[in-house]
Student: 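I am attaching a structure below and will ask some questions about it afterwards.
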Amino acid sequence: MAGSSESGSSPEEEMRISFANHNFVVPKKEINMFPDMGKWKRSKAYTDYIGFVLTLNESVKGKKLTCDYKTSAPVEKLIMLLNTLDKWIDETPPVDQPSRFGNKAFRTWYSKLEKEAENLVSSVIPRELNGAVVEAAVYLKESVGNPTRIDYGTGHEAAFAAFLCCLCKIGVLKVDDQLAIVFCIFDRYLQVMRKLQKTYRMEPAGSQGVWGLDDFQFLPFIWGSSQLIDHPTLTPAHFVDEKVVNEHHKDYMFLECVRFINEMKTGPFAEHSNQLWNISAVPAWSKVNQGLIRMYKAEVSGTFSLFIHGMWVLLAFIARL
(Lines give C-alpha, C1' and ligand atoms only; values in the text may rest on other atoms or scores of the structure.)
Protein backbone atom coordinates (compact mmCIF):
# COMPACT_ATOMS: atom_id res chain seq x y z
CA MET A 1 0.00 0.00 0.00
CA ALA A 2 1.11 3.57 -0.59
CA GLY A 3 2.09 5.71 2.35
CA SER A 4 0.01 8.36 4.05
CA SER A 5 -1.02 11.47 2.17
CA GLU A 6 -0.09 15.00 3.13
CA SER A 7 -3.33 15.28 5.10
CA GLY A 8 -2.20 12.37 7.28
CA SER A 9 -4.89 10.00 6.00
CA SER A 10 -4.09 6.67 4.38
CA PRO A 11 -5.45 5.90 0.89
CA GLU A 12 -7.94 3.47 2.47
CA GLU A 13 -9.18 6.16 4.86
CA GLU A 14 -9.49 8.68 2.03
CA MET A 15 -11.47 6.13 0.00
CA ARG A 16 -13.86 5.60 2.89
CA ILE A 17 -14.28 9.34 3.33
CA SER A 18 -15.01 9.65 -0.39
CA PHE A 19 -17.63 6.93 -0.36
CA ALA A 20 -19.22 8.04 2.90
CA ASN A 21 -21.19 10.65 0.90
CA HIS A 22 -21.51 8.57 -2.29
CA ASN A 23 -25.04 8.16 -3.65
CA PHE A 24 -25.45 4.38 -3.74
CA VAL A 25 -28.57 2.99 -5.46
CA VAL A 26 -30.10 -0.43 -6.03
CA PRO A 27 -28.59 -1.76 -9.29
CA LYS A 28 -30.79 -2.09 -12.35
CA LYS A 29 -30.41 -4.18 -15.45
CA GLU A 30 -28.04 -2.52 -17.92
CA ILE A 31 -27.55 -5.23 -20.56
CA ASN A 32 -30.92 -5.98 -22.15
CA MET A 33 -30.15 -6.79 -25.78
CA PHE A 34 -27.18 -8.18 -27.68
CA PRO A 35 -26.14 -4.74 -29.06
CA ASP A 36 -25.71 -3.58 -25.45
CA MET A 37 -22.69 -5.90 -25.17
CA GLY A 38 -20.55 -3.24 -26.84
CA LYS A 39 -21.46 -0.87 -24.02
CA TRP A 40 -20.33 -3.50 -21.51
CA LYS A 41 -17.03 -4.30 -23.22
CA ARG A 42 -16.12 -0.60 -23.51
CA SER A 43 -17.04 0.18 -19.92
CA LYS A 44 -14.76 0.82 -16.97
CA ALA A 45 -16.76 -1.87 -15.19
CA TYR A 46 -15.54 -4.51 -17.66
CA THR A 47 -11.95 -3.30 -17.35
CA ASP A 48 -12.13 -3.28 -13.56
CA TYR A 49 -13.73 -6.72 -13.36
CA ILE A 50 -11.23 -8.39 -15.69
CA GLY A 51 -8.42 -6.55 -13.90
CA PHE A 52 -9.68 -7.94 -10.60
CA VAL A 53 -9.67 -11.50 -11.97
CA LEU A 54 -6.16 -11.11 -13.42
CA THR A 55 -4.75 -9.50 -10.27
CA LEU A 56 -5.90 -12.45 -8.20
CA ASN A 57 -4.59 -14.81 -10.88
CA GLU A 58 -1.14 -13.31 -10.44
CA SER A 59 -1.31 -13.30 -6.64
CA VAL A 60 -1.96 -17.08 -6.35
CA LYS A 61 0.68 -18.15 -8.89
CA GLY A 62 2.71 -21.08 -7.60
CA LYS A 63 0.99 -21.13 -4.20
CA LYS A 64 -0.98 -23.91 -2.49
CA LEU A 65 -4.42 -23.52 -0.92
CA THR A 66 -2.79 -24.66 2.32
CA CYS A 67 -0.07 -21.97 2.32
CA ASP A 68 0.09 -19.36 5.08
CA TYR A 69 -1.77 -16.10 4.46
CA LYS A 70 -3.28 -13.28 6.47
CA THR A 71 -6.98 -13.31 7.34
CA SER A 72 -8.26 -9.84 8.19
CA ALA A 73 -11.45 -9.03 10.09
CA PRO A 74 -13.50 -8.46 6.88
CA VAL A 75 -12.31 -11.82 5.53
CA GLU A 76 -13.43 -13.54 8.71
CA LYS A 77 -16.80 -11.80 8.53
CA LEU A 78 -17.28 -12.98 4.94
CA ILE A 79 -16.53 -16.55 6.02
CA MET A 80 -19.17 -16.19 8.74
CA LEU A 81 -21.61 -14.96 6.08
CA LEU A 82 -20.92 -18.03 3.93
CA ASN A 83 -21.19 -20.29 6.97
CA THR A 84 -24.67 -18.88 7.53
CA LEU A 85 -25.67 -19.78 3.97
CA ASP A 86 -24.30 -23.28 4.56
CA LYS A 87 -26.28 -23.63 7.79
CA TRP A 88 -29.49 -22.65 6.00
CA ILE A 89 -28.99 -25.57 3.60
CA ASP A 90 -28.95 -27.96 6.58
CA GLU A 91 -32.11 -26.30 7.88
CA THR A 92 -33.88 -26.58 4.50
CA PRO A 93 -33.82 -30.22 3.35
CA PRO A 94 -34.97 -31.16 -0.16
CA VAL A 95 -38.65 -31.98 -0.56
CA ASP A 96 -40.19 -35.06 -2.16
CA GLN A 97 -41.21 -34.27 -5.73
CA PRO A 98 -41.69 -36.14 -9.03
CA SER A 99 -38.85 -34.34 -10.81
CA ARG A 100 -35.33 -35.55 -10.02
CA PHE A 101 -33.71 -32.18 -10.76
CA GLY A 102 -34.45 -28.66 -9.53
CA ASN A 103 -35.70 -29.41 -6.03
CA LYS A 104 -38.19 -26.73 -5.04
CA ALA A 105 -36.78 -26.50 -1.52
CA PHE A 106 -34.11 -24.28 -3.07
CA ARG A 107 -36.74 -21.56 -3.40
CA THR A 108 -37.37 -21.76 0.35
CA TRP A 109 -33.63 -21.52 0.98
CA TYR A 110 -33.32 -18.61 -1.44
CA SER A 111 -36.20 -16.75 0.22
CA LYS A 112 -34.13 -16.66 3.42
CA LEU A 113 -31.24 -15.08 1.55
CA GLU A 114 -33.53 -12.61 -0.20
CA LYS A 115 -34.92 -11.54 3.17
CA GLU A 116 -31.58 -11.39 5.01
CA ALA A 117 -29.11 -10.36 2.30
CA GLU A 118 -28.78 -6.74 3.37
CA ASN A 119 -28.35 -7.73 7.02
CA LEU A 120 -25.65 -10.22 6.05
CA VAL A 121 -23.78 -7.69 3.92
CA SER A 122 -24.08 -4.97 6.57
CA SER A 123 -22.17 -7.25 8.95
CA VAL A 124 -19.19 -6.98 6.56
CA ILE A 125 -19.33 -3.35 5.42
CA PRO A 126 -18.40 -0.67 8.02
CA ARG A 127 -21.13 1.67 9.25
CA GLU A 128 -19.66 4.70 7.48
CA LEU A 129 -20.07 2.83 4.16
CA ASN A 130 -23.50 1.44 5.00
CA GLY A 131 -25.00 3.06 1.91
CA ALA A 132 -23.17 0.48 -0.23
CA VAL A 133 -25.13 -2.37 1.33
CA VAL A 134 -28.17 -2.01 -0.97
CA GLU A 135 -25.95 -2.36 -4.04
CA ALA A 136 -23.57 -5.07 -2.82
CA ALA A 137 -26.45 -7.21 -1.53
CA VAL A 138 -27.79 -7.54 -5.08
CA TYR A 139 -24.56 -9.23 -6.17
CA LEU A 140 -24.72 -11.63 -3.25
CA LYS A 141 -28.29 -12.61 -4.15
CA GLU A 142 -27.31 -13.05 -7.80
CA SER A 143 -24.36 -15.28 -6.89
CA VAL A 144 -26.18 -18.37 -5.65
CA GLY A 145 -28.38 -19.35 -8.59
CA ASN A 146 -31.80 -18.55 -10.00
CA PRO A 147 -34.82 -19.43 -7.80
CA THR A 148 -37.25 -19.59 -10.73
CA ARG A 149 -35.24 -21.98 -12.90
CA ILE A 150 -33.37 -23.54 -9.95
CA ASP A 151 -30.15 -23.40 -11.89
CA TYR A 152 -26.60 -22.14 -11.39
CA GLY A 153 -23.82 -21.24 -13.80
CA THR A 154 -20.79 -19.11 -14.53
CA GLY A 155 -22.86 -15.92 -14.50
CA HIS A 156 -23.77 -16.54 -10.86
CA GLU A 157 -20.14 -17.30 -10.08
CA ALA A 158 -19.18 -14.02 -11.77
CA ALA A 159 -21.71 -12.17 -9.60
CA PHE A 160 -19.88 -13.38 -6.50
CA ALA A 161 -16.57 -12.25 -7.98
CA ALA A 162 -18.23 -8.89 -8.69
CA PHE A 163 -19.41 -8.78 -5.06
CA LEU A 164 -15.81 -9.23 -3.90
CA CYS A 165 -14.57 -6.73 -6.48
CA CYS A 166 -17.00 -4.15 -5.13
CA LEU A 167 -15.78 -4.74 -1.58
CA CYS A 168 -12.25 -4.08 -2.84
CA LYS A 169 -13.37 -0.94 -4.66
CA ILE A 170 -14.81 0.62 -1.51
CA GLY A 171 -11.81 -0.39 0.61
CA VAL A 172 -13.35 -3.14 2.74
CA LEU A 173 -10.98 -5.72 1.25
CA LYS A 174 -7.40 -4.61 0.63
CA VAL A 175 -4.28 -5.63 -1.28
CA ASP A 176 -3.08 -7.67 1.70
CA ASP A 177 -6.27 -9.75 1.43
CA GLN A 178 -5.64 -11.02 -2.09
CA LEU A 179 -4.57 -14.54 -1.16
CA ALA A 180 -7.38 -14.82 1.37
CA ILE A 181 -9.92 -13.66 -1.24
CA VAL A 182 -9.12 -16.72 -3.40
CA PHE A 183 -7.91 -19.33 -0.92
CA CYS A 184 -10.29 -18.55 1.93
CA ILE A 185 -13.39 -16.63 0.76
CA PHE A 186 -13.78 -17.93 -2.78
CA ASP A 187 -12.86 -21.48 -1.82
CA ARG A 188 -15.52 -21.43 0.93
CA TYR A 189 -18.01 -20.00 -1.57
CA LEU A 190 -17.30 -22.94 -3.89
CA GLN A 191 -17.91 -25.38 -1.05
CA VAL A 192 -21.30 -23.82 -0.34
CA MET A 193 -22.25 -23.72 -4.04
CA ARG A 194 -21.35 -27.38 -4.50
CA LYS A 195 -23.48 -28.24 -1.50
CA LEU A 196 -26.38 -26.26 -3.02
CA GLN A 197 -25.91 -28.01 -6.37
CA LYS A 198 -25.89 -31.46 -4.80
CA THR A 199 -28.64 -30.89 -2.23
CA TYR A 200 -31.16 -29.29 -4.59
CA ARG A 201 -29.96 -31.00 -7.81
CA MET A 202 -29.60 -27.64 -9.53
CA GLU A 203 -29.51 -27.51 -13.32
CA PRO A 204 -26.50 -25.95 -15.11
CA ALA A 205 -27.39 -22.45 -16.36
CA GLY A 206 -26.47 -21.94 -20.00
CA SER A 207 -24.33 -25.08 -20.06
CA GLN A 208 -22.64 -26.12 -23.30
CA GLY A 209 -22.67 -29.74 -22.18
CA VAL A 210 -19.61 -31.78 -23.06
CA TRP A 211 -18.33 -28.85 -25.15
CA GLY A 212 -18.15 -26.53 -22.16
CA LEU A 213 -15.31 -26.37 -19.66
CA ASP A 214 -17.56 -27.18 -16.70
CA ASP A 215 -21.28 -27.16 -15.97
CA PHE A 216 -21.03 -24.68 -13.11
CA GLN A 217 -17.63 -23.01 -12.58
CA PHE A 218 -14.83 -21.29 -14.49
CA LEU A 219 -12.80 -19.00 -12.23
CA PRO A 220 -11.32 -21.78 -10.05
CA PHE A 221 -9.90 -23.36 -13.20
CA ILE A 222 -8.15 -20.08 -14.05
CA TRP A 223 -6.81 -19.44 -10.56
CA GLY A 224 -6.16 -23.14 -10.02
CA SER A 225 -4.03 -23.41 -13.16
CA SER A 226 -2.05 -20.37 -11.98
CA GLN A 227 -1.36 -22.17 -8.70
CA LEU A 228 0.22 -25.02 -10.65
CA ILE A 229 2.52 -22.92 -12.87
CA ASP A 230 6.11 -24.23 -12.64
CA HIS A 231 5.07 -27.13 -10.39
CA PRO A 232 8.07 -29.49 -10.15
CA THR A 233 6.12 -32.72 -10.78
CA LEU A 234 2.46 -32.08 -11.69
CA THR A 235 1.78 -31.37 -15.37
CA PRO A 236 -1.57 -30.80 -17.11
CA ALA A 237 -1.54 -34.48 -18.14
CA HIS A 238 -1.82 -35.49 -14.46
CA PHE A 239 -5.27 -34.05 -13.77
CA VAL A 240 -6.98 -36.84 -15.72
CA ASP A 241 -5.37 -39.34 -13.35
CA GLU A 242 -7.89 -39.84 -10.55
CA LYS A 243 -5.24 -41.06 -8.11
CA VAL A 244 -3.20 -37.87 -8.55
CA VAL A 245 -6.33 -35.73 -8.18
CA ASN A 246 -7.28 -37.45 -4.92
CA GLU A 247 -3.77 -36.97 -3.53
CA HIS A 248 -3.47 -33.25 -4.33
CA HIS A 249 -6.98 -31.77 -4.53
CA LYS A 250 -6.75 -30.09 -1.11
CA ASP A 251 -3.80 -28.01 -2.32
CA TYR A 252 -5.00 -26.93 -5.77
CA MET A 253 -8.33 -25.50 -6.88
CA PHE A 254 -8.04 -26.94 -10.38
CA LEU A 255 -7.72 -30.47 -9.03
CA GLU A 256 -10.56 -29.94 -6.56
CA CYS A 257 -12.80 -28.93 -9.48
CA VAL A 258 -11.80 -32.11 -11.34
CA ARG A 259 -12.45 -34.17 -8.21
CA PHE A 260 -15.98 -32.73 -7.99
CA ILE A 261 -16.58 -33.53 -11.66
CA ASN A 262 -15.43 -37.11 -11.06
CA GLU A 263 -17.83 -37.33 -8.13
CA MET A 264 -20.82 -35.99 -10.03
CA LYS A 265 -20.35 -37.61 -13.45
CA THR A 266 -19.92 -41.16 -14.66
CA GLY A 267 -18.29 -42.63 -17.72
CA PRO A 268 -14.98 -41.87 -19.45
CA PHE A 269 -13.59 -38.42 -18.62
CA ALA A 270 -12.91 -37.72 -22.29
CA GLU A 271 -16.61 -38.13 -23.03
CA HIS A 272 -18.28 -36.15 -20.21
CA SER A 273 -15.61 -33.40 -20.02
CA ASN A 274 -14.15 -33.19 -23.50
CA GLN A 275 -12.84 -29.61 -23.21
CA LEU A 276 -10.91 -30.44 -20.05
CA TRP A 277 -9.62 -33.62 -21.61
CA ASN A 278 -8.22 -31.60 -24.50
CA ILE A 279 -6.57 -29.19 -22.06
CA SER A 280 -4.69 -32.12 -20.48
CA ALA A 281 -2.63 -32.32 -23.69
CA VAL A 282 -1.26 -28.78 -23.25
CA PRO A 283 2.43 -29.07 -22.26
CA ALA A 284 2.64 -26.39 -19.53
CA TRP A 285 0.36 -24.88 -16.89
CA SER A 286 1.33 -21.38 -17.98
CA LYS A 287 -0.13 -22.15 -21.41
CA VAL A 288 -3.26 -23.61 -19.81
CA ASN A 289 -3.65 -20.47 -17.71
CA GLN A 290 -3.25 -18.13 -20.67
CA GLY A 291 -5.71 -20.15 -22.74
CA LEU A 292 -8.33 -20.20 -19.98
CA ILE A 293 -8.10 -16.42 -19.56
CA ARG A 294 -8.70 -15.97 -23.28
CA MET A 295 -11.61 -18.40 -23.12
CA TYR A 296 -13.08 -16.60 -20.10
CA LYS A 297 -12.98 -13.25 -21.85
CA ALA A 298 -14.56 -14.69 -24.99
CA GLU A 299 -17.11 -17.13 -23.60
CA VAL A 300 -18.02 -15.78 -20.16
CA SER A 301 -17.32 -12.09 -19.61
CA GLY A 302 -17.92 -11.28 -23.26
CA THR A 303 -21.10 -13.25 -24.05
CA PHE A 304 -24.69 -12.09 -23.84
CA SER A 305 -25.84 -15.30 -22.13
CA LEU A 306 -23.93 -14.25 -19.01
CA PHE A 307 -26.35 -11.39 -18.51
CA ILE A 308 -29.33 -13.67 -18.98
CA HIS A 309 -28.08 -16.20 -16.44
CA GLY A 310 -26.45 -14.03 -13.80
CA MET A 311 -24.32 -10.93 -13.61
CA TRP A 312 -26.57 -8.42 -15.33
CA VAL A 313 -26.09 -5.56 -12.87
CA LEU A 314 -22.33 -5.08 -12.81
CA LEU A 315 -22.33 -1.81 -14.74
CA ALA A 316 -24.66 -0.22 -12.22
CA PHE A 317 -22.13 -0.56 -9.40
CA ILE A 318 -18.53 -0.69 -10.55
CA ALA A 319 -18.78 1.83 -13.38
CA ARG A 320 -19.78 4.57 -10.93
CA LEU A 321 -17.05 3.87 -8.36
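Note that these values count all heavy atoms, side chains included, but never hydrogens, waters or copies made by symmetry.
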Student: With rounding to the nearest 0.5 Å, note down the distance linking NE2 in H272 to CH2 in W277.
Tutor: 10.0 Å
Student: Between L179 and S59, which heavy-atom pair has the shortest distance, and what is it?
Tutor: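 Heavy atoms of L179 and S59 come nearest at CD2-O, 3.4 Å.
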Student: Could you walk me through whether Y49 and F52 pass the ring-ring contact (aromatic ring centres under 6.0 Å, His included) test, one step at a time?
Tutor: CA-CA 5 Å; Y49 177 76; F52 177 72; 7.1 Å; no
Student: Just how far is it from atom CG of L81 to atom CD of E116, taken to the nearest 0.5 Å?
Tutor: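 The CG atom of L81 sits 11.0 Å away from the CD atom of E116.
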Student: Taking all atoms of both residues into account, what is the closest heavy-atom pair of C165 and D48, and its distance?
Tutor: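 Looks like SG-O, 4.2 Å.
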Student: Calculate, to the nearest 0.5 Å, the distance between atoms CG and CZ belonging to N289 and R294 respectively.
Tutor: 10.0 Å
Student: Testing the basics here: between S122 and V133, what is the closest heavy-atom pair and its distance to 0.1 Å?
Tutor: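 Taking every non-hydrogen atom into account, CA-CG2, 3.8 Å.
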Student: Is there a side-chain contact between L167 and I181 (heavy atoms, below 4.5 Å)?
Tutor: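 With C-beta onward as the side chain, the pair stays apart.
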Student: So, do D151 and P204 sit near enough that their side-chain heavy atoms are less than 4.5 Å apart?
Tutor: no
Student: Counting only heavy atoms not in D68 (residues, nucleotides, ligands), do more than 12 fall under 6.0 Å from its CG?
Tutor: no
Student: Could you go step by step and tell me if I279 and L292 meet the side chain to side chain contact (heavy atoms under 4.5 Å, CB included) rule?
Tutor: CA-CA 9 Å; I279 288 172; L292 289 175; 3.9 Å; yes
Student: May I ask you to decide if the ring planes of W109 and F106 are parallel, tilted or perpendicular, using 30° and 60° as cut-offs?
Tutor: parallel
Student: If only atom types and distance count, is the side chain of E203 paired as donor or acceptor with the main-chain N or O of R149 below 3.5 Å?
Tutor: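 Judged by distance alone, no pair lies under 3.5 Å.
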Student: Determine whether S143 and L140 make a side-chain contact, defined as any pair of heavy atoms from C-beta on separated by less than 4.5 Å.
Tutor: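 SC-SC contact between S143 and L140 confirmed.
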Student: Looking at Y152, is its backbone amide N or carbonyl O close enough to the side chain of E157 to form a donor-acceptor pair, meaning the two atoms are under 3.5 Å apart?
Tutor: no
Student: Tell me, with the steps shown, if Y189 and L164 meet side chain to side chain contact (heavy atoms under 4.5 Å, CB included).
Tutor: CA-CA 11 Å; Y189 165 76; L164 297 177; over 6 Å; no
Student: Look only at the side chain of T92 and the backbone of I89, and say whether a donor-acceptor pair between them is shorter than 3.5 Å.
Tutor: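 It does not hold such a pair.
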Student: Of W223, W285, F218, which is the lone residue that meets ring pair (Phe, Tyr, Trp, His ring centres under 6.0 Å) with F254?
Tutor: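 Exactly one pass, corresponding to W285.
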Student: Answer yes or no: does atom NZ of K104 have more than 12 heavy-atom neighbours from other residues, nucleotides or ligands under 6.0 Å?
Tutor: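 12 or below, so no.
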Student: Are M253 and F260 connected, step by step, through hydrophobic side chains (Ile, Leu, Val, Met, Phe, Trp, Tyr) whose heavy atoms are closer than 4.5 Å?
Tutor: no
Student: Under a 4.5 Å side-chain heavy-atom rule over Ile, Leu, Val, Met, Phe, Trp and Tyr, are L173 and L190 clustered together?
Tutor: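 Yes, one cluster joins them.
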Student: Any salt bridge between D215 and K265, counting N to O under 4.0 Å?
Tutor: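 Looking at K265 together with D215, the answer is yes, because their closest N to O distance falls below 4.0 Å.
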Student: Could you tell me if the side chain of V258 sits less than 4.5 Å from the side chain of F269, heavy atoms only?
Tutor: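 Yes, close enough: below the 4.5 Å cut-off.
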Student: Between N130 and I125, is there a side-chain heavy-atom distance shorter than 4.5 Å?
Tutor: no
Student: Is it true that K198 and E263 have a side-chain N and a carboxylate O under 4.0 angstrom from each other?
Tutor: yes
Student: Side-chain contact, heavy-atom cut-off 4.5 Å: F221 with L213?
Tutor: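 In short, these two side chains touch, coming nearer than 4.5 Å.
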Student: Between Y200 and A105, what is the shortest heavy-atom contact and its length?
Tutor: CE2-CB, 3.7 Å
Student: Working to the nearest 0.5 angstrom, can you tell me the gap between L255 CG and H248 NE2?
Tutor: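 NE2 of H248 is found 8.0 Å from CG of L255.
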Student: Go through it in stages, so that I can follow the logic: the residues are C166 and Y139, the test is side chain to side chain contact (heavy atoms under 4.5 Å, CB included), and I'd like the CA-CA distance, side-chain angles, deciding distance and then a yes or no.
Tutor: CA-CA 9 Å; C166 293; Y139 293 100; 4.0 Å; yes
Student: Tell me the closest heavy-atom pair linking T148 and R107, and the distance in Å.
Tutor: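 Reported closest heavy-atom pair: O-NH2, 2.8 Å.
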Student: Applying the side-chain contact (heavy atoms from CB on, under 4.5 Å) criterion to C184, which one of I79, L82, L65, L78 satisfies it?
Tutor: I79
Student: For atom CE of M80, decide whether the heavy atoms of other residues, nucleotides or ligands shown that lie under 6.0 angstrom number more than 12.
Tutor: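 No - once you tally the heavy atoms of other residues, nucleotides and ligands closer than 6.0 Å, there are 12 at most.
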Student: Would E256 and R194 pass as an ion pair if we require N to O under 4.0 Å?
Tutor: yes
Student: Determine yes or no for a side-chain-to-main-chain donor-acceptor pair under 3.5 angstrom, with N57 supplying the side chain and V53 the backbone.
Tutor: no
Student: Step through it carefully: locate the ring centre of Y252, locate the ring centre of H231, and say whether they are under 6.0 Å apart.
Tutor: yes
Student: Is a side-chain donor or acceptor of Q227 paired with a backbone partner of K63 at a separation under 3.5 angstrom?
Tutor: yes
Student: Run the salt bridge (Lys or Arg N to Asp or Glu O under 4.0 Å) check on R259 and E242 step by step: do they pass?
Tutor: CA-CA 8 Å; R259 188 201 65 81; E242 196 165 343; over 6 Å; no
Student: Could you go through the side chain to side chain contact (heavy atoms under 4.5 Å, CB included) check for V245 and D241 one step at a time?
Tutor: CA-CA 6 Å; V245 169; D241 184 332; 6.0 Å; no
Student: Compare all side-chain heavy atoms of E142 with those of F163 and state whether any distance is below 4.5 angstrom.
Tutor: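 Of all side-chain heavy-atom pairs linking F163 with E142, none is under 4.5 Å.
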Student: Rounded to the nearest 0.5 Å, what separates atom CD in E247 from atom NE2 in H238?
Tutor: 10.0 Å
Student: With distance as the sole criterion, is a donor-acceptor pair present between the side chains of D214 and Q217 under 3.5 Å?
Tutor: no
Student: Is the closest side-chain heavy-atom distance between L113 and L120 below 4.5 Å?
Tutor: yes
Student: Please answer whether the main-chain N or O of G153 pairs with a side-chain N or O of H156 as donor and acceptor at a distance below 3.5 Å.
Tutor: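 Checked: pair present.
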Student: Mind jotting down which residue pairs meet the side chain to side chain donor-acceptor pair (under 3.5 Å) criterion with at least one end in residues 70-86? Sequence neighbours excluded, please.
Tutor: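 Pairs touching residues 70-86 that pass the test: S72-D177, N83-R188, D86-R188, D86-K195.
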Student: Calculate, to the nearest 0.5 Å, the distance between atoms OG1 and CH2 belonging to T108 and W88 respectively.
Tutor: 13.0 Å
Student: Of all the heavy-atom pairs spanning S225 and I222, show the shortest one and how long it is.
Tutor: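 In this case the closest contact between S225 and I222 is OG-O, 2.7 Å.
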Student: Treating T199 as the side-chain partner and L196 as the backbone partner, does any N or O pair qualify as donor plus acceptor under 3.5 Å?
Tutor: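 No; judged by distance alone, with no hydrogens or angles, the pair does not exist.
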